[in-house]
Amino acid sequence: MRLSRSFGSDQLDKVTQGQLARGQRLTEVLKQDQYVPLPVEKQVLILYVATSGMLDAVPVEEVRRFEREFLQLLKQIIPRY
């Protein structure tokens, strides 16, 4: 985001803007509460969702909520998860 502020977002092409937006969502996905790390298998799943573009339509401020609800849904569908 700093890059877009220094150059102005109107000067960045659509691909670069998309990469910056996905990077913001990935940053949110990587945040974890202190002393409450996610199990590795859940981290891998969420990272896959984020890097494959499935979070691109989710507003940045809603990414953590999406993550929580997505993992809750998986637990309902696959109880051992």
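Side chains are part of it too, since the values below use all heavy atoms of this structure and drop only hydrogens, waters and symmetry mates.
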Applying side-chain hydrogen bond (donor to acceptor under 3.5 Å, both in side chains) to Q32 and not counting sequence neighbours gives none
I'd like to check the side-chain contact (heavy atoms from CB on, under 4.5 Å) partners of [X]; sequence neighbours left out, ordered by chain and number.
X   : value
I77 : L73
Q19 : V15
K31 : T27, E28, R64

Straight-line distance of [X] [atom1] to [Y] [atom2], nearest 0.5 Å:
X   : Y   : atom1 : atom2 : answer
L20 : R25 : CG    : CZ    : 11.0 Å
L38 : L45 : CG    : CG    : 10.0 Å
I78 : K75 : CD1   : NZ    : 12.5 Å

Residues 47-61 side chain polar contacts: donor-acceptor under 3.5 Å, at least two apart:
from	atom 1	to	atom 2	distance (Å)
T51	OG1	L47	O	2.9
T51	OG1	Y48	O	3.4
S52	OG	Y48	O	2.9
S52	OG	V49	O	3.1
D56	OD1	R22	NE	3.1
D56	OD2	R22	NH2	2.6

* Asked: Using links of under 4.5 Å between side-chain heavy atoms of ILVMFWY residues, direct or through other members, which residues join V40 in one cluster?
  ->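 Members other than V40 - counting any ILVMFWY side chain reachable under 4.5 Å - are V44.
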